[in-house]
**Student:** 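Below: one structure in structure tokens.
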Protein chains: 2
Amino acid sequence: MKKPSSVVTMADVARSAGVSTMTVSNVINGRPRVGAETRERVLAAITELGYQINLAARHLRAGRTGVVGLAVPELERPYFAQLAARLADRFERHGLRIVVERTKASRQGELDAVAFSRLRMYDGLILSVVDLDPAELAQVGTESPVVVIGERVTPSRFDHVMMDNVDGARQATAHLLATGSRRIALLGGTPGTEATSMPTLRAQGWAEAHAAAGVPTDSRLVVPSSFRLEDGYEDVKSLLERGIGFDGVFALTDVVAIGALRALADAGLSVPGDVQVVGFDDVDESRYLVPSLTSVNPGHDAMADAIVDLLLRQMGDAQPTEPHEHVVPARLVARETTRPLQA
Amino acid sequence: MKKPSSVVTMADVARSAGVSTMTVSNVINGRPRVGAETRERVLAAITELGYQINLAARHLRAGRTGVVGLAVPELERPYFAQLAARLADRFERHGLRIVVERTKASRQGELDAVAFSRLRMYDGLILSVVDLDPAELAQVGTESPVVVIGERVTPSRFDHVMMDNVDGARQATAHLLATGSRRIALLGGTPGTEATSMPTLRAQGWAEAHAAAGVPTDSRLVVPSSFRLEDGYEDVKSLLERGIGFDGVFALTDVVAIGALRALADAGLSVPGDVQVVGFDDVDESRYLVPSLTSVNPGHDAMADAIVDLLLRQMGDAQPTEPHEHVVPARLVARETTRPLQA
DNA sequence: ATGAAAGCGCTAACAT
DNA sequence: ATGTTAGCGCTTTCAT
């Protein structure tokens, strides 16, 4: 019983079993042409020595890893965590592992992810682009399969799956207007950002709905912030403290909405009586909140399906096909933070 | 401008620049002893050919990947998503990437994670063990650094960081008792499970607190379930439908508590007036809920610190040290789903 | 059914 | 400052 002192290689096993490394390799990979008795001997040696295959070597040889990477801005955002779970389910059915990493929504983080992937650690990459600019992304040379998700309009070089941010935001705002809100705060709007960023697109939907309804917007109701719970909380608190009146809230994400709800409660405002609230993402917890959160469902399953389909296609095909641009429709889910529509 | 037809290797670059591969390697890795003019030439060739380093080869050679794996039961559980984020912050400071994968809380998934790691795709692995049994885990031969987290008492072969489940649950239950609850439902208790599983440990704390207070428990108040929102919801609904009275709820996780709160609201029960509720995990959203959720904080930062410390130690040390067992203390955070303690 | 040789793309060690 | 040699551990030929 030899203790595996440091690293046991195939050669060690081969020597111990009195065969060639090739035969060991054949046994390990379940290839057919190995005698039953030889196989036994090899297996015994493997157990005895505690042999473990070296994937790095295998990958170098095979040129593939069986791993798909998912790079998201932040691991703890429910939207991405839930997307990751959906993707994991789907890829698993195709015998692929999925691993999740984060980019911190930074240019560098996003570039790193592509680099890591194209450097052959992943057979394919799903990249949520936030900060990387289309031009930069376009320059990234990559032969390896990449599907870009996220809100920005990206260069046509890559397959791209996105939700319909503008229309979703339009629906959310239109619903608030239809149910009686007239001054709708936009939480998370980040003015001065790229024209194709998620906040800008959702702000655009907010503006369009106002225009369509002939209701004026007030720029003081646009509160810039990040996407954390405390941001929604602080945004509302700040509006109240500054005495900027509002009777509706469109939060750029459900997480922000949850923070906002808390601030409204602290201020003694009732929801939806005094203020109506709509979020975006329709994360799992939204329907369990009290009151349950009206939100925009960005088409989770359709999105996951499209991503998997496009990536597998790239991974399978010999010749690259034309890049696809896939927009998944969004749909408002009305719940208790908004009043019922008049019939 | 040659199009990178398939794979450009260092050798290609070397040829094109009229140097040896070694010089190319030196340039790429920023090693000092390269002439300025040569460096220029090499860099030019790299750009021109669109050369990209092959990490698989690098790793085979270097024997390390710079990647730490984190294997958790489910990607979308807030507790794990938030843990992942904390760990990512810390490892990043040490120049390590962290990637997250899921095990589905299954034996096989957990074994796969160890296999993947020890097969040298990760320099270290943080494994949340749920289903794998200590004996099985012990048999997994691995030279590669592993830190086990999770509730089960694991074999002493591995460094292990865990929260104080029993004491946390005891605090939660004691608080409910101290604030007047007498019939406390236990949501998520899974009877007949391993003696060291998380549900069992937390159930034990629940029982201990009752014993200490001289209050009898009622086994009908123990509702088995998984850890999703809908489980908490269904658990409460089921208790109510079956007419099993209760005036307190200890949910095994905050997520379950959120589901429970919704079911209580649906039944027209007030919290904390009619029923007090305590969760476990103190996830970020708990303090923003309305009413905010009283919960057990399992010591998030202390836990992350301990994990990182132990793993880095293993990754650094030549000789393996004695395995460490680290228990992080838990602490109740009283909020609005429970009544104030009588002064 | 099994083995020998070659080499995946890189880098550490040792020349020059 | 740059090149040569050797080899990481595996698998793909192509023998036998």
Side-chain angles (χ1 to χ4, degrees), chain A residues 4-43 45-46 49-66 115-121 123 143-144, chain B residues 4-43 45-46 49-66 115-121 123 143-144:
Chain A
S5 52
S6 61
V7 193
V8 181
T9 71
M10 253 188 191
D12 297 328
V13 175
R15 201 171 308 120
S16 160
V19 297
S20 76
T21 62
M22 211 39 239
T23 302
V24 177
S25 172
N26 285 333
V27 169
I28 285 172
N29 293 283
R31 279 184 277 254
R33 350 200 101 243
V34 185
E37 193 234 342
T38 315
R39 161 174 283 106
E40 288 314 312
R41 208 140 32 85
V42 170
L43 289 175
I46 287 176
L49 300 179
Y51 168 73
Q52 313 162 358
I53 205 173
N54 181 326
L55 285 186
R58 213 228 268 299
H59 293 162
L60 176 57
R61 219 32 258 231
R64 39 168 278 121
T65 60
F116 200 66
S117 173
R118 113 195 150 202
L119 305 186
R120 342 225 120 182
M121 291 316 292
D123 291 347
E143 302 293 302
S144 68
Chain B
S5 54
S6 61
V7 194
V8 181
T9 71
M10 254 189 192
D12 297 328
V13 175
R15 202 171 309 120
S16 160
V19 297
S20 75
T21 63
M22 209 42 234
T23 303
V24 177
S25 172
N26 285 333
V27 169
I28 286 172
N29 293 283
R31 278 184 278 254
R33 350 201 103 245
V34 185
E37 193 233 342
T38 315
R39 161 174 284 107
E40 287 314 312
R41 209 142 29 88
V42 170
L43 289 175
I46 287 177
L49 299 179
Y51 169 74
Q52 313 162 358
I53 207 174
N54 181 327
L55 284 185
R58 212 230 268 298
H59 293 163
L60 176 57
R61 206 43 253 230
R64 40 167 278 122
T65 60
F116 200 65
S117 173
R118 112 195 149 204
L119 304 187
R120 342 225 118 187
M121 292 315 294
D123 291 346
E143 302 293 302
S144 67

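This one's a predicted model, so the numbers in the text were calculated from it and none came from an experiment.
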**Student:** Base, backbone or nothing for each nucleotide of nucleotides 7-16 of chain C, written B, S, -, heavy atoms under 4.0 angstrom, 5' to 3'?
**Tutor:** BBBBBBB---
**Student:** Any heavy-atom pair between the side chains of A:Val19 and A:Val27 that's under 4.5 Å?
**Tutor:** no
**Student:** How close do B:Val42 and B:Ala17 get, counting heavy atoms only, and between which atoms?
**Tutor:** CA-CB, 4.1 Å
**Student:** Mind listing the closest non-hydrogen atom pair of B:Arg39 and B:Val34 along with its distance?
**Tutor:** NH1-O, 3.6 Å
**Student:** How close or far is atom C1' of D:dT4 from atom CZ of B:Arg33, stated in whole angstroms?
**Tutor:** 17 Å
**Student:** Quick one, B:Ser20 with B:Thr23, criterion side-chain contact (heavy atoms from CB on, under 4.5 Å). Give me CA distance, side-chain angles, the key distance, then yes/no.
**Tutor:** CA-CA 5 Å; B:Ser20 75; B:Thr23 303; 3.4 Å; yes
**Student:** Say you draw a straight line from OG1 of A:Thr9 to CD1 of A:Ile53; how long is it, rounded to the nearest 0.5 Å?
**Tutor:** 11.5 Å
**Student:** Using side-chain contact (heavy atoms from CB on, under 4.5 Å), reason through B:Ile28 and B:Ile46 one step at a time and then give a plain yes or no.
**Tutor:** CA-CA 9 Å; B:Ile28 286 172; B:Ile46 287 177; 3.8 Å; yes
**Student:** Which angle, to the nearest 10 degrees, lies between the helix axes at the two ends of the helix from C:dA1-D:dT16 to C:dT16-D:dA1, each defined by five pairs?
**Tutor:** 30°
**Student:** Looking only at side-chain N and O atoms, does B:Thr38 come under 4.0 Å of OP1 or OP2 in D:dA1?
**Tutor:** no
**Student:** Mind checking whether A:Arg41 and A:Thr38 have side chains closer than 4.5 Å, heavy atoms only?
**Tutor:** yes
**Student:** Kindly list each side-chain donor-acceptor pair under 3.5 angstrom involving residues 54-63 of chain A, sequence neighbours excluded, with atom names and distances?
**Tutor:**
{"residue": "A:Asn54", "atom": "OD1", "partner": "A:Ala56", "partner atom": "N", "Å": "2.8"}
{"residue": "A:Asn54", "atom": "OD1", "partner": "A:Ala57", "partner atom": "N", "Å": "3.1"}
{"residue": "A:Arg58", "atom": "NH1", "partner": "A:Asn29", "partner atom": "OD1", "Å": "3.1"}
{"residue": "A:His59", "atom": "ND1", "partner": "A:Leu55", "partner atom": "O", "Å": "3.3"}

